[in-house]
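What follows is a short report on a single structure.
Ligands are counted one by one from 1 in listed order, and the atoms in each one are counted from 1 as well. Quick note: numbers below take in every heavy atom, side chains included, and nothing from hydrogens, waters or symmetry partners.
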Amino acid sequence: MHRTKNDLSSKVRSKVIATLGDRLADATDLMLQTKQAHWNVKGENFIALHELFDKINGAAGEWADLIAERIVMLGGTAEGTVQATARRTSLAPYSLKIVGGADHVEALSSALADFGKKVRADIDKTGKAGDADTADLFTEVSRDVDKYVWFVESHNQGN
Ligand SMILES: [Fe+2]
């Protein structure tokens, strides 16, 4: 870890940096999964899904940015390369074979919900570790993820 004048103890910071690093890999993975869906979706809801998936790509980029910069301000190194992301992500691989809108909706809502579940657990984990600010950051991300789970999964509901 890098030296910092931040008053959180190095024990707290190293614990929290590890958790943040796990979620950074997932958020970066989500950035690519949403682009995969944005580029390849076809079918009757094409334009709505094409645009929604790109909007979520922007949101995932903001989540990654918040998480990465928190890592660095705590004295850690943000692992932002595609190689580090591939090694560390906990999300299921996104199938290259998905074409239809309903299948992209199913795959992407599952990925977002899995990410959301882990972020929610991280609120408690980092709060208990002694870093209320990171817990607050995860709370902010969690609320946004819940919204996008709703936006995506609603396309396959109500029938
Ligand atoms: Fe585009």
Side-chain angles (χ1 to χ4, degrees), residues 2 16-126 131 133-159:
H2 304 286
V16 170
I17 285 166
T19 303
L20 286 161
D22 290 341
R23 286 303 76 70
L24 175 59
D26 293 353
T28 308
D29 190 355
L30 267 179
M31 285 167 63
L32 292 170
Q33 294 198 15
T34 49
K35 276 294 185 190
Q36 175 68 21
H38 167 71
W39 290 325
N40 291 290
V41 66
K42 293 184 188 299
E44 56 181 339
N45 291 320
F46 166 74
I47 199 67
L49 292 174
H50 176 69
E51 287 175 359
L52 175 62
F53 295 158
D54 210 27
K55 194 172 173 187
I56 304 171
N57 168 265
E62 286 168 21
W63 305 333
D65 207 49
L66 281 171
I67 294 168
E69 289 173 2
R70 184 77 191 154
I71 290 171
V72 177
M73 69 184 80
L74 294 178
T77 299
E79 298 182 355
T81 64
V82 73
Q83 292 80 9
T85 301
R87 268 196 307 273
R88 199 159 178 180
T89 180
S90 71
L91 302 184
Y94 200 90
S95 169
L96 296 175
K97 295 197 166 73
I98 302 175
V99 176
D103 292 337
H104 277 297
V105 163
E106 179 56 33
L108 208 53
S109 58
S110 297
L112 282 164
D114 185 32
F115 180 67
K117 179 181 168 187
K118 288 163 181 165
V119 170
R120 208 184 315 283
D122 291 341
I123 298 170
D124 279 348
K125 205 196 261 186
T126 53
D131 182 358
D133 296 302
T134 296
D136 181 63
L137 182 155
F138 279 130
T139 304
E140 180 184 341
V141 171
S142 172
R143 207 164 40 234
D144 215 21
V145 176
D146 282 352
K147 181 181 75 180
Y148 285 117
V149 171
W150 169 45
F151 276 22
V152 176
E153 74 180 356
S154 291
H155 289 87
N156 283 357
Q157 294 173 336
N159 302 316

Checklist entry - So does Gln157 have more than 12 non-hydrogen atoms from other groups sitting under 6.0 Å from CD? => result yes
Item to check | Side-chain ion pair, Arg70 and Asp131, N-O less than 4.0 Å | outcome: yes
Checklist entry - How about the Fe ion (ligand 1), which protein N, O or S atoms come within less than 2.8 Å? => result His38 NE2
Item to check | Partner of Leu137 by side-chain contact (heavy atoms from CB on, under 4.5 Å), out of Ile67, Ile123, Val119 | outcome: Ile67
Checklist outcome for this item: Residue pairs passing the side-chain hydrogen bond (donor to acceptor under 3.5 Å, both in side chains) test with at least one member in residues 135-147, sequence neighbours excluded, are Trp63-Asp144, Arg120-Ser142, Arg120-Asp146
Checklist entry - Salt-bridged, Asp122 to Lys118, with N to O below 4.0 Å? => result no
Checklist entry - Should the pair Tyr148 and Phe151 be assigned to parallel (<30°), tilted (30 to 60°) or perpendicular (>60°) ring geometry? => result perpendicular
